[in-house]
Structures are given as structure tokens and as C-alpha cells.
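Here the structure is laid out as C-alpha cells; the discussion comes afterwards.
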Amino acid sequence: MSNSKRITLQQTSEIIKDGSSLTFSGFTIWRRPMAIVYELIRQHRKHLHLIEVNGGSHTEFLVGAGCVDIWESCWVGHELYGKYGANLSRKVAEKKIIVEDYSHAEMLFRFVAAASGAPYAVTQTSLGTDIHNPEFDMLGRAGLRDGKRIAQHKYQFVDDPFYGAGAHVLVPAAKVDIAVLCVQQVGEEGTVRLNGQCYSDPEVARAADITIVMAEEIVPEEYLRRNADQNAIASFEVDYILECPFGAHPTGMFGRYDVDGSFLKDFYGATRTQEGFDEFAKEWIHGLDHVSYLEKLGWPKMLKLRANTAMNYCPREKKGGN
Amino acid sequence: MSNSKRITLQQTSEIIKDGSSLTFSGFTIWRRPMAIVYELIRQHRKHLHLIEVNGGSHTEFLVGAGCVDIWESCWVGHELYGKYGANLSRKVAEKKIIVEDYSHAEMLFRFVAAASGAPYAVTQTSLGTDIHNPEFDMLGRAGLRDGKRIAQHKYQFVDDPFYGAGAHVLVPAAKVDIAVLCVQQVGEEGTVRLNGQCYSDPEVARAADITIVMAEEIVPEEYLRRNADQNAIASFEVDYILECPFGAHPTGMFGRYDVDGSFLKDFYGATRTQEGFDEFAKEWIHGLDHVSYLEKLGWPKMLKLRANTAMNYCPREKKGGN
Amino acid sequence: MSDFASPEEYGLADLLCCAAAHEVQNNEVVFAGTGLPMVAIMLAQQTHAPNLKLIFEAGTLDGRPPEIPTSVGDARCEMGASRASGLFDAFSVAQRGYVDMGFLGGAEVDQYGNVNTTCIGDYLEPELRLTGSGGNPDINSFAKRTVFIMVHEKRRFVENVSYITSPGWRVKKWPGGELVHRRELYGAAYRGGPSAIISTLGVFRFDEQDGHMYLDTCHPGTTAEQIKEQCQFDLDISRVKGQTQVPTREELRLIHDVLDPDQIFIPKVKK
Amino acid sequence: MSDFASPEEYGLADLLCCAAAHEVQNNEVVFAGTGLPMVAIMLAQQTHAPNLKLIFEAGTLDGRPPEIPTSVGDARCEMGASRASGLFDAFSVAQRGYVDMGFLGGAEVDQYGNVNTTCIGDYLEPELRLTGSGGNPDINSFAKRTVFIMVHEKRRFVENVSYITSPGWRVKKWPGGELVHRRELYGAAYRGGPSAIISTLGVFRFDEQDGHMYLDTCHPGTTAEQIKEQCQFDLDISRVKGQTQVPTREELRLIHDVLDPDQIFIPKVKK
């Protein structure tokens, strides 16, 4: 009823502390909370533990800036605009980061388990792969499996006792401190409406102990409550909200704007060296705030990216026209 | 692309054979596929095994008519209009039916497991209750736990190996032959749109090997595909469709019509004896088809039940007016 | 300040409803079963707990129905809600630990707060099969505390229920079935247990350590001794605090003019 | 009847795309990764498999995007789909056994069809960390058959991949890591395995019994011996059926005028 969930972009980096474990909304290069990611880099957050269903450009920003100690996920890259995560790749080779690999479905099921209060999920995916190689339990090798926030085991193998369906793997629930979401609409009390594919947003919001929702628009709560069956996350699952238009740029947002492919290509190119990344961060992150970032991007760029509201994306034939 | 999924009400009782295991859409006295339930009674289906997240008036019809050998669920009654399932209660006392009790959440998690292809779910609900009493494994006592469609065990108890969270219970996936759904809209290719609470419909549709969807309306598939993020069940998860307006009566349907409380009260009253049920079935089921059933109900009744489309239910102050 | 109603102005259902509403605190997440619990929570929403978040088992999260639903599956649940989805969401939220309080009913209760809604008599040879568990054990397993509203008859307040549908403070450890404290069994899911039984005679609470029920307040017109007489077990009446608070006129107005004008769950007293 | 294109009219990507499209049958449920697999499936949809049901990992069920998505998370995935939801639905559908075919890519493949997309060199001391698994092992674990599209270089067709990201026909049994037939490990989830590798040189299949790769067809301009030379293992070329079918002019028109006019995934050949 009150607006007490509202915070500023600056306050997000007070809630997200050094050493926090974090997860995010979106999918690879879509609906990533970039404005908050930039703010964390500006505030020099350290020792973050990212636990993600999948990574993307936001991961590469945080990893490149040295904010991340542990990355637990299955994939990082920029899709069409950058074949792999060059920052992560470099830091792995330099042993400056611990990478714990699961498969995509395993990561997803880990979040589903956490979101429904179960200690683990049971699945038959990825049997026989090196993902299950006991030598490659990197958190175990680092002595970090305390059974508190990080599970005592990376996996357990069991046989199905009910239907004789054979070998299964148990994957531990993904326990995470903070979920940071970037969405189309949030109500004043925290109700979230997502449009298009919801990815794994409802699950990660519920799995995390604290959920921050950055939205293109904060809308009247009663507007969303007129069609409760179209909402994706309930009010009480959200702790903090903020409005930040174009907060996902350079990643895209269904119904609002497309991925900024040329920006990501440039970024990917820059990340081939640490110096390249630092240069890029100096130009686009440090010393800027969100509005000056948008001004630097400029109107022509944003007009070119904006989605046609009937199609929910920017049709390609239109692109040359602006 | 073709209309080959369309069947008639009569054909549903050819797909649902004697001995089939069945589950349903809806919740207690809402969105139950009553027109199909009546047809099964008319066709004297026998030896059905109902596996339901929860039961309701439709259960009482099938059980009263002697169609059901096994009922695996957690609840049966008519909510406000009948305190308990009098047919089931009588048949349990007479040992004419096997009842396997789980808790509500356990039944739900069993369907979630089946729908996601997992052999079981892990939960901490109902620990220490008689639901877990090994003496009360009724399918086990009946020698029916073959590990094929009926799990080898009712439960297994395990400790959480990942976080030391203590005792957990494993509940087997609900394997079921046919899900029978009653919904607001289905497209020609099988896409389902649900309005209001979706209960456990998406899960039961996916858990079952065959899914039959009876809808108030069959609508153009492309109409539903204009807003794919509002649809609940994908085309390929549905095997058969049929249109049957008011097919949920006397149970209610969000946005269309309310529960027919007086009908359910009369039915509940009748079910206090087998003779009472038989009399009721003779009057309302046998010798009728769906249209003659509606004609017997009559226009004043249906006008009284119809939902206000702005509110999605029939507001009480309106009721006297018709 | 409170304008308490006089005895002829309210009925027993009013008293129970108000007593139940007083169990809720503001900002809590509350899981409500069908019937009187629903009215009680909506009454709390209208009075001291405007920020209470109401969950209906069938899939409504943070509901604020303008017209009282007849059950949790009712189309009325959705209007004004934060989210309408399904049971997987409702039970996931509960197991995840969001729920402060559950509001339930029961047919039989024992000295440890174990509740039976499954059958009267031996499970294998039942005198009467009841509705079954529904979500009673689930809400009760996951909530931090649970309040039950029950009809009080001596045959319903028993030493040990014939079937534990919903877990109290001392529950059965399988496979043996010996009674142990709930805490021993629930591990990380141990968050509390039944915090009050509101019967038609009085309000009962539990000693969290030994798990035994005791009488907290007597409804107007009853005495502790009379209530003890209506229990098959040896009810602890040493901690009685006095009389159950009676409804205020404002509470009665809300119940009968706003929440349940059609007397779906709560009859009006004839004046 | 088919109007096959002449060599100067198509490029290698066209050939791969068409070869991949030919792997799909009508009415199948197909799970597609980003890139060339997407174009291939949409080509099949436009030709011999109009009732094919396309799943995108990010949450689209039965998709029919009018404009090709740049990735499975793209806003373009939703338009015209039966259902847009999320990963839990996509992976549940897959694990439940709905998926007939998966379409994937890989960096390295071995003689058993094990694919690596995680790292080049020792996992603990990697020469190059790649993207990681993504959904590659998941789609491949759950589908009845899987088709991979890959660049063919001798360093990529190895005896044993340095890291099994995605399971082939002979996989590692943990904790020991000895190679066993996939059938032994997957129990009820065993539904098949990699059915074809479409490389830039030829099409490869597997003997389901012994799990070994063999050459099925050679792309125009290559010979079986040349292809064998480009594998680090002893490729079975005894079962070669001939030449990979070249694109028809209609397929090329669909690829370049309808599906990918902007050459996002498939470049046009310069005439």
C-alpha cells in the first residue's frame, strides 16, 4: 500500500554487498539488468558469487570488471554478437575465477527446487558427460562446500526406487542471496507482469532471499490487478522496486527494444584483452550515470532499436529507415 | 492445421476405456468436465482408476455410478454445498473402492514430477501424519504395486544429503492414462487458454499420456497465437478437442458461469443413499444427451448463473434480479 | 475505545470469526482454507492488518476479493489479486517458507494439536469417511503457525485422534509410529506448529516444549471447568487468561454488511 | 521432379542447412538451438514438414516466427507460437519425452558422437574456455535423436573429446569414468542418441549397436578418403551411400528470400 519498496539505482549497490550471491532475470542477451550491473561496477563490488541459469553479456561485464569470484552456470557469450565469454575465458585460464559447470536444465531445475523449497531436484539429464566428472567439482576442490549456502555435494547419483527407471542425478537447490530482475512492468506493491517468454524469472525471484525488480515502468498496482492471471510474480515475492527506462540496454526487452547488436559486437571485440575491457568500461560505465549513458547512446540509436508494439520487436525491414 | 483433433462427446467414452486411469481439470467444484463424466456414466464405464490432485462433484458422480475401482487423491466433497463425498464414504465402508490417501501438496507434486518426466518429487509436507503410516498403503495391501503404472512404493523417506535439512518424503510421479479437461477456450490445433486460476491443469495435461480438452468454445488457433504468453497448454500436448458449452455444469467456470449451488445441494442430499443417487442419475443423466440436459435445466437457471464478463463471476446482488 | 457488542448482538460464529481475526498480524502472509477462516482473514484485512497478504490454495497470491469466495477455487478469488495462477505456485510459496500463518478447520483434535479430517474410527474399518486431508497437512506443515477453528464436542477433543491428518506438536515417527516432538521430524522445515485452536467453547494454545494443549480463554458464558469437562484428555486449565474478547460493533458491521452480507458462512443473529 | 541447384548457385551453409532440414519428418516435435539449426527447421516447416512443432529452449512451444530469431531468447520467438512461457516448460516437455529431434552445434566431436562445447584442452588447465554446455546435453539427453551441424577440421573430429559436454553413444560411467553404451546409463530415459553429424565435409551417422560413427554421404567435391583423412580416428567409410543431396532452387529461394533475407545466419553466394 505504501511506496516503501522503491529504491534508487544507487541504493541497489548498497543492498548487493561484496560477497553476495546473485542471480538475474532474462536469457543470454535478453532482459538483463544492465543499469544495475553498471552501478555495481562503478561501486567496485567484489567477491560476488554468480549463480545463473545461463550467463550473457551482463556476466561478461561483471567478470571483466573483477567483481566475480565464483561463476556457477552453464553458458556465457553474446549469441550472434560474440561467440563466447572472452573475459571469463581469460580469467579461467588465469585461475582468477572459479567456474562450476552444470547443464542448462540442471541449473533450471536447481532454481525450481529452491523456489519450491525442496533441497534438490531429480533428473536424468547429462548422464555420462564430464559435467558429472567428480574430478571437476570445482567448489569442492576449493573447499567451499560447507552445506550452508553451497551444497555439500555437487551431485548425488541414485536409482529410481518407484518405477525402476534407472540412474538419476540429484542436483542441489540453488540457494542465492539476491535476484536482480529487469522487466517490463512492476506495480507499486511489487506485482510483476512479464511479456513474451518469461525465461526463468518467476523461479529465480522466488529462489532468492531478496528480490530487486528494475522495470521499464512502475505502474499503478490496481492496473496489474485487473488481470491477475497475466501476472508472473506476486507482490510479496519482491522486496525492492525501481523504474529505469532502457535499463536492459544493450540487451533487449520483448515489446520495448531489441538487442543492440553493434554495441555487443564492439564490447565482445574489446574483451579479447583486459586492457580492451578496461577501456570500454572507462568509456561506457565509469563517470557516467544512467541518463548520461542514454544521452551518449543518443536518440538515433534508441529509435532504431525500439520495438514495434504490434510485433513486440523491431522488424528488420524497418531498420534502414531511421 | 487440420481439424483432426476434433471428436464428439460420444467418442470421448470410446477413448476412455474400462480400466483407464483418469485425471481432470479444475478444483473441487470448478471447471470439472461434467458433460464427459455424464457420458461415461451413460456408457457404464467400469474399473476406472482416478488419480486426482483433488476430487469434487464429478468424483461423486463417477463413484456413485459404480465406475470407479480406485480413487487416489486427498479430498472429496462439494464445498459449501455438501460437506463430504457421501458416495465415496459409503463405498469405502462397503469396501467397494480402494482409496489411496496423499496430502494435497503431495498429489500436486506427484503431478508436477510426472509432467516434467521425473520419477518422483521430494517434499517435507505431512511428516508425522497417518498419511505416511505404512499400514495404510492401500494399493500395496491390494497387491497392485507393480512398478509399472502404480509405483513400487507409496513413499520413500530420505535425508537431505546436500544441506542437512533433515527428513524428506519422496512421492512417486502420478502416471495416468488420460487427462480430461474442461476449459474456456481451445484452438483448432489444441492450444489452450485458461482464465482465472489455472489450478493444476497445465501439469495434469502434460502428465497424462492422452489429453482430451472440452471447451466452451473452439476458437481460431491464430486468435490464441496472437498472445502466446497468455496460453496455458501447448498444441502438441493436446490429443483431442471438443466444444461443449456449459459442459462444466453444475460446477462453475471462471468468466462464464458460477457453480450451481442448489443443484449440488440436491445432488449431495440424494447421495446419502445409493437409491437416492440412482434416482438422481436416472433423472439427470440416463436417457438425456447434453442438449436435452441443458433444456431440462432451462433458461432461467442458466441466466441466473451466467458470469458478469467484467467481474468474471455472477455478482450476488444480481442474483435475485433474474 | 473499542465499542464491544452486547451478548444479544452477536452469535457464536461472529465470536469465532473475530477471535480468529485477532490471531493475524499486519504484513503477514496468510494461507486460508474455505469457510469461516476466509471471513476471519478478510476481517483482519479490513481492520488491523490492511497489509496482510492472503493466499488461496487453488492459486491466488495476495488476494483481495471484493466479494467473499464460496471456496478457494471460486472465480471471486482472482479479482484484485496480485497473481492468479495455480496450486504449484501456492504450495511452492508455502514450502519455500513465505507463509506466516495458516487458517484451517478440523473434525477432531487431540491433546497435541493433531487434527483429523480423514475418517471417524479405524482407518481400515471406518465408521465414517470424511473429506480427506485436502491441503490441511500441507499448510500446517509449512506455515510458521496455524490456527484451527472447530466445533467443540467431547467426542471431537480426544486424547489421540484416530487418524493424524494434520501434524500437531507431537507426531508419529515412521515406520514405528512412536510419538516424537514435531521439531525432531521436520528438520529445516520446522518453523512452528498449531498456535491456537478456536473452538465453540474457548481458545486453546500449546506449550511448544512439551507439546500439550492448554486453555487460554473461555468464551463468554463458559467456565474453564466446563470446558475441561468437554475434553477427553486432561486439559491444562492452569494458564487461563480470562474471557475471549467479544466482537466490537464495527467488526459485526464489517462481517454482516461488507464481508458476508448473504450469510454464506456467518448467520446473522435475530434481534 | 526436384529442381536441383547447380554448384555456383549455392554455398556450403546452404548445403548444410538443407541437409539438416531433410533430417526432420512431418508432425515431429523438434527442439532447436540458435543459428543454422533454426533456419534448417524453419526450412523444413516451409517444405515437407508443415506440421512440425518447434520448441525454443527459452520457453516457446510450437513456434512459427515470421521473422527468424537471432537466438532462442529473441522477442521474435513469441509471434505465432502456441505458447510462450519459460525454461521450466521447455525442459519439462523435453524430459517428459515429447521431443523427437534436437538440432545442435558443437566445437569438437569424437568417434562415439560425444560433443564438446566447454573447453579446448584439459578442463583443469584449459587452453581455451568456450561458451559451456548451454542446453546441448539436455536436449541431446532427452530427444529421440539429435542432429549436430559442425565445422569439419581434423582437430575437431577426434578419437575422444577432451571434455564430454553432450552425450554420444558411448559415455562415461561415473565415478570411474569407463566408457559404456549410453543405453546402460540412461534407463527409462534412453530414447536414442545422435543420429547425424552434418559437417562441412559430409554427413555422418552412428551404428547404434557399437556406437561408432560412419560416413553416410560426402558433400559435392569431397571423397570418402579425403574425409577419412580429416578425422583423428579411424572413420568407417564402408557404408557410404553417395553424395549429399544438393539444395533445390526452391529451398534456396526459401532460405534467402523468406527465412534469412538479411543473411543473419546464411550468407548468399555471389553470382
Using a cut-off of under 4.5 Å on heavy-atom pairs, state which of [options] scores highest against chain D.
| options | result |
| --- | --- |
| A:G252, A:G166, A:A105 | A:A105 |
| A:G85, A:G128, A:S103, A:S73 | A:G128 |
| A:D160, A:N312, A:V112, A:L108 | A:L108 |
| A:G261, A:A93, A:P134 | A:P134 |
| A:V53, A:I131, A:I29 | A:I131 |
| A:D201, A:T123, A:V99 | A:T123 |

If every non-hydrogen atom of [X] is compared with every non-hydrogen atom of [Y], which pair is closest and at what distance?
| X | Y | answer |
| --- | --- | --- |
| A:C314 | A:D258 | N-OD1, 3.2 Å |
| D:A75 | A:W30 | N-CH2, 3.4 Å |
| A:A232 | A:P202 | O-CB, 3.9 Å |

Heavy-atom cut-off 4.5 Å, strictly under: side chain, backbone, both or neither for [X] against chain A?
| X | result |
| --- | --- |
| D:L179 | neither |
| D:I120 | neither |
| D:F88 | both |
| D:V161 | neither |
| D:T34 | side chain |

If you count heavy-atom pairs under 4.5 Å with chain A, which of [options] comes out on top?
| options | value |
| --- | --- |
| D:F91, D:W174, D:Y186 | D:W174 |
| D:P137, D:A94, D:A81, D:G187 | D:P137 |
| D:G86, D:A84, D:G73, D:G132 | D:G73 |
| D:K173, D:M79, D:Q95 | D:Q95 |
| D:L124, D:D262, D:T70, D:T118 | D:L124 |
| D:A188, D:S166, D:S141, D:S133 | D:S133 |

- [ ] Taking atom types as modelled, find out whether A:N87 and A:S89 have a side-chain donor-acceptor pair closer than 3.5 angstrom.
- [x]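 The answer is no; no qualifying pair exists.
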TODO: Take D:D62 and D:R83 through the side-chain contact (heavy atoms from CB on, under 4.5 Å) test and state the conclusion after the steps.
DONE: CA-CA 7 Å; D:D62 192 5; D:R83 183 165 185 226; over 6 Å; no
Open item on the list: D:Y163 vs A:F136, test: ring pair (Phe, Tyr, Trp, His ring centres under 6.0 Å). Steps then yes/no.
Closed with: CA-CA 11 Å; D:Y163 184 99; A:F136 300 163; 5.8 Å; yes
Heavy-atom contact with chain D under 4.5 Å, split by part of [X]:
| X | result |
| --- | --- |
| A:R31 | neither |
| A:K83 | backbone |
| A:M138 | side chain |
| A:D159 | neither |
| A:Q124 | both |
| A:Y84 | both |
| A:A310 | backbone |

Task: Worked verdict on D:Y112 versus D:H212 for ring pair (Phe, Tyr, Trp, His ring centres under 6.0 Å) - done: CA-CA 5 Å; D:Y112 306 116; D:H212 276 88; 5.1 Å; yes
Task: A:E94 side, atom CD; A:Q274 side, atom CD - distance, nearest 0.5 Å - done: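 One finds 7.5 Å between CD of A:E94 and CD of A:Q274.
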Open item on the list: With a 3.5 Å distance limit and no angle check, can you tell me whether D:N114 reaches the backbone of D:G168 through a side-chain donor-acceptor pair?
Closed with: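 Yes, the answer is positive, given that a donor and an acceptor are paired below the 3.5 Å cut-off.
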- [ ] Report the C-alpha distance between A:D130 and D:Y123 in whole Å, list the side-chain angles of each, state the deciding distance to 0.1 Å, and finish with yes or no for side-chain contact (heavy atoms from CB on, under 4.5 Å).
- [x] CA-CA 9 Å; A:D130 276 304; D:Y123 182 76; over 6 Å; no
TODO: Start with the C-alpha distance between A:S200 and A:F111, add both sets of side-chain angles, then the distance that settles side-chain contact (heavy atoms from CB on, under 4.5 Å), and finish with yes or no.
DONE: CA-CA 8 Å; A:S200 45; A:F111 275 96; 5.9 Å; no
TODO: Run the ring-centre check on A:Y268 versus A:Y81 and record whether the distance is less than 6.0 Å.
DONE: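 A:Y268 vs A:Y81: aromatic centres not under 6.0 Å.
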- [ ] Measure the acute angle between the ring planes of A:H249 and A:F263, then classify it against the limits of 30° and 60° as parallel, tilted or perpendicular.
- [x]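 Plane angle over 60°, so perpendicular.
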Open item on the list: Using a 6.0 Å distance limit plus a 45 degree cone around the ring axis, check whether A:R110 lies over the aromatic ring of A:Y102.
Closed with: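 Yes; both conditions hold, so A:R110 lies above the ring face of A:Y102.
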